[in-house]
Participant: 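The structure that follows is given in the form of structure tokens.
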Amino acid sequence: MSKDNESLHDMDEEARRKKKMKWTIGIIAFVIFQVVQALFFVLVIMKFKSPKFRVGEFNIQTLNIGTQASPSFDMSFVAPIRIKNTNWGPFKYDASTVSFTYGGIQVGQANIPKSKANFKSTKKIDVPVTLSSNALPTGSNLGNELSSGIITLNSQGELKGKVTVMFMFKKTKISQMNCTMIIDTSTRAVRSSSCK
């Protein structure tokens with residue numbers, strides 16, 4: 001082999017080595033960029049949030065109320081339960097209950113079946129509820145409220161489930177409900193409602 005051929009061969013090997021090095025650096029840079037982009041996407045854009053769990057406004061189907069001297073109530077309605085999932089993945093939750101209380105004493109409950117709320121959507125569940133004041137003590141404020149034409153109820157519940165993002169990232173989230181609603185006995189509807 002002549003000196004010219006050797007120098008050409010060395011230059012070819014040098015050029016190939018530089019080309020391989022450029023490809024290797026390019027591939028490593030691409031992989032690092034993709035990993036950083038995926039981490040940014042998961043940690044910043046896709047933060048896991050607890051879904052909102054509420055009772056919407058409703059009309060009472062049946063309402064029987066006592067007098068101020070003998071205060072009592074029995075009512076039935078369909079409670080519109082709303083589970084608003086603002087995450088970028090579905091929220092699969094277990095079966096639960098919503099307790100309806102008057103003055104801190106339970107007067108009824110609604111059963112929430114196991115299900116899921118899809119990503120960026122609101123799951124709507126209509127649950128039949130029957131409430132009765134039979135468990136209330138005689139010294140409650142019910143007589144005064146009935147004479148004013150209102151009944152103040154609280155709804156409380158807890159929904160536990162998992163949010164799944166990109167089919168592989170899972171996080172357990174608990175959604176709490178604590179709502180106060182004022183029922184108008186003359187219109188048989190919710191006059192006002194507020195949730196914490």
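Since the structure is predicted, the reported quantities are computational estimates derived from the model, not experimental observations.
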Participant: So, for Ile183 and Val190, which heavy atoms are closest and what is the spacing to 0.1 Å?
Facilitator: CD1-CG2, 4.0 Å
Participant: Should Lys123 and Ile125 count as side-chain neighbours, where that means a heavy-atom distance under 4.5 Å?
Facilitator: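 SC-SC contact between Lys123 and Ile125 confirmed.
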Participant: Within the 4.5 Å heavy-atom criterion, are Ile81 and Asp126 side-chain neighbours or not?
Facilitator: no
Participant: When rounded to the nearest 0.5 angstrom, what distance separates OG1 in Thr86 from NZ in Lys49?
Facilitator: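 So the OG1 of Thr86 and the NZ of Lys49 are separated by 4.5 Å.
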Participant: Checking Val98 against Gln109 for the side-chain contact (heavy atoms from CB on, under 4.5 Å) test, could you report, in this order, the C-alpha distance in whole Å, the side-chain angles of both residues, the deciding distance, and whether it holds?
Facilitator: CA-CA 5 Å; Val98 174; Gln109 72 178 25; over 6 Å; no
Participant: Within a strict 4.5 Å, meaning less than it, do heavy atoms of the Leu159 and Pro51 side chains meet?
Facilitator: no
Participant: When you look at NZ of Lys120, are more than 12 heavy atoms from neighbouring residues, nucleotides or ligands closer to it than 6.0 Å?
Facilitator: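 Yes - once you tally the heavy atoms of other residues, nucleotides and ligands closer than 6.0 Å, there are more than 12.
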Participant: Do side-chain atoms of Ser72 reach the backbone of Ser133 as a donor and acceptor pair under 3.5 angstrom?
Facilitator: no
Participant: Kindly give the heavy-atom pair with the smallest separation between Pro113 and Tyr93, and that separation in Å.
Facilitator: O-CE1, 3.4 Å
Participant: Rounded to the nearest 0.5 Å, what separates atom SG in Cys179 from atom NZ in Lys196?
Facilitator: 10.0 Å
Participant: Is there a path of hydrophobic side-chain contacts, each under 4.5 Å between heavy atoms of I/L/V/M/F/W/Y residues, joining Phe48 to Ile174?
Facilitator: no
Participant: May I have the step-by-step check of side-chain contact (heavy atoms from CB on, under 4.5 Å) for Asn141 and Asn144, ending in yes or no?
Facilitator: CA-CA 6 Å; Asn141 193 35; Asn144 293 334; 3.0 Å; yes
Participant: How far does CG of Asn154 sit from OG1 of Thr180, to the nearest 0.5 angstrom?
Facilitator: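 Here the interatomic distance stands at 4.0 Å.
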Participant: Might you point out which heavy atoms bring Val127 and Ala110 nearest each other, and give the distance in Å?
Facilitator: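 Heavy atoms only, the tightest pair is CG1-CB, 3.7 Å.
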Participant: With a 6.0 Å cut-off on the ring centroids, do Phe77 and Phe100 count as close?
Facilitator: yes
Participant: Salt bridge or not between Lys162 and Asp94? Use side-chain N to carboxylate O under 4.0 Å.
Facilitator: no
Participant: Indicate whether the side chain of Thr164 and that of Lys92 have a donor and an acceptor atom separated by less than 3.5 Å.
Facilitator: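 On atom types as modelled, these side chains do not qualify, holding no pair under 3.5 Å.
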Participant: Ring-plane angle category for Phe119 and Trp88, please: parallel below 30°, perpendicular beyond 60°, tilted otherwise.
Facilitator: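 Aromatic pair Phe119/Trp88 classed parallel.
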Participant: Within this structure, what is the CD1-CD1 distance for the pair Ile25 and Ile28, rounded to the nearest 0.5 Å?
Facilitator: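 Interatomic distance, Ile25 CD1 to Ile28 CD1, rounded to 0.5 Å: 7.5 Å.
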Participant: Mind running side-chain contact (heavy atoms from CB on, under 4.5 Å) on Arg188 and Asn59 for me, showing each step along the way?
Facilitator: CA-CA 6 Å; Arg188 295 184 172 201; Asn59 288 323; over 6 Å; no
Participant: May I ask you to check whether Thr152 and Glu145 show a side-chain donor-acceptor distance below 3.5 Å?
Facilitator: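 Checked: Thr152/Glu145 side chains pair up, N/O donor to acceptor below 3.5 Å.
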Participant: Less than 4.5 Å apart, any side-chain heavy atom of Arg191 and any of Ile150?
Facilitator: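 They are in contact (side-chain heavy atoms under 4.5 Å apart), so the answer is yes.
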Participant: Enter the distance from Lys124:NZ to Arg82:CZ here, rounded to the nearest 0.5 Å.
Facilitator: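 Here the rounded value is 6.0 Å.
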Participant: Would you call Thr101 and Val107 a side-chain contact if the rule is heavy atoms closer than 4.5 Å?
Facilitator: no
Participant: Should Thr185 and Phe73 count as side-chain neighbours, where that means a heavy-atom distance under 4.5 Å?
Facilitator: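 Not in contact.
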Participant: State plainly whether one hydrophobic cluster holds both Val78 and Met177, where clusters connect Ile, Leu, Val, Met, Phe, Trp and Tyr through side-chain heavy atoms under 4.5 angstrom apart.
Facilitator: no
Participant: Measure the spacing between NZ of Lys173 and CG of Asn87 and express it to the nearest 0.5 Å.
Facilitator: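 Between atom NZ of Lys173 and atom CG of Asn87 there are 8.0 Å.
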Participant: Would the number of heavy atoms belonging to other residues, nucleotides or ligands and lying under 6.0 Å from NZ of Lys52 be above 12?
Facilitator: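 Not buried by this count: 12 neighbours or fewer within 6.0 Å.
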Participant: Do you know the tightest heavy-atom contact between Lys160 and Thr172?
Facilitator: CE-CG2, 3.9 Å
Participant: Can you name the closest pair of heavy atoms from Asn85 and Ala117 and give their distance?
Facilitator: ND2-O, 3.2 Å
Participant: We want to know whether Asp74 and Ser132 form a side-chain donor-acceptor pair, criterion being a heavy-atom distance below 3.5 angstrom.
Facilitator: yes
Participant: Ignoring hydrogens and angles, tell me if any N or O in the side chain of Ser70 forms a donor-acceptor pair with the backbone of Gly66 under 3.5 Å.
Facilitator: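 Checked: no pair found.
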Participant: Report yes if the side chains of Ile151 and Ile182 come closer than 4.5 Å at any heavy-atom pair, otherwise no.
Facilitator: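 With C-beta onward as the side chain, the pair stays apart.
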Participant: Just wondering, do Phe91 and Lys84 contact through their side chains at under 4.5 Å, heavy atoms?
Facilitator: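 Counting from C-beta outward, Lys84 and Phe91 never come under 4.5 Å.
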Participant: Scan side-chain atoms only and decide if Ser175 and Ser50 contain a donor-acceptor pair under the 3.5 Å cut-off.
Facilitator: no
Participant: Step by step, would you call Ser76 with Thr130 a side-chain hydrogen bond (donor to acceptor under 3.5 Å, both in side chains)?
Facilitator: CA-CA 4 Å; Ser76 65; Thr130 301; 5.3 Å; no
Participant: How close do Ser155 and Val55 get, heavy atom to heavy atom, and via which atoms?
Facilitator: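 In terms of heavy atoms, the two residues are closest at OG-CG2, 3.9 Å.
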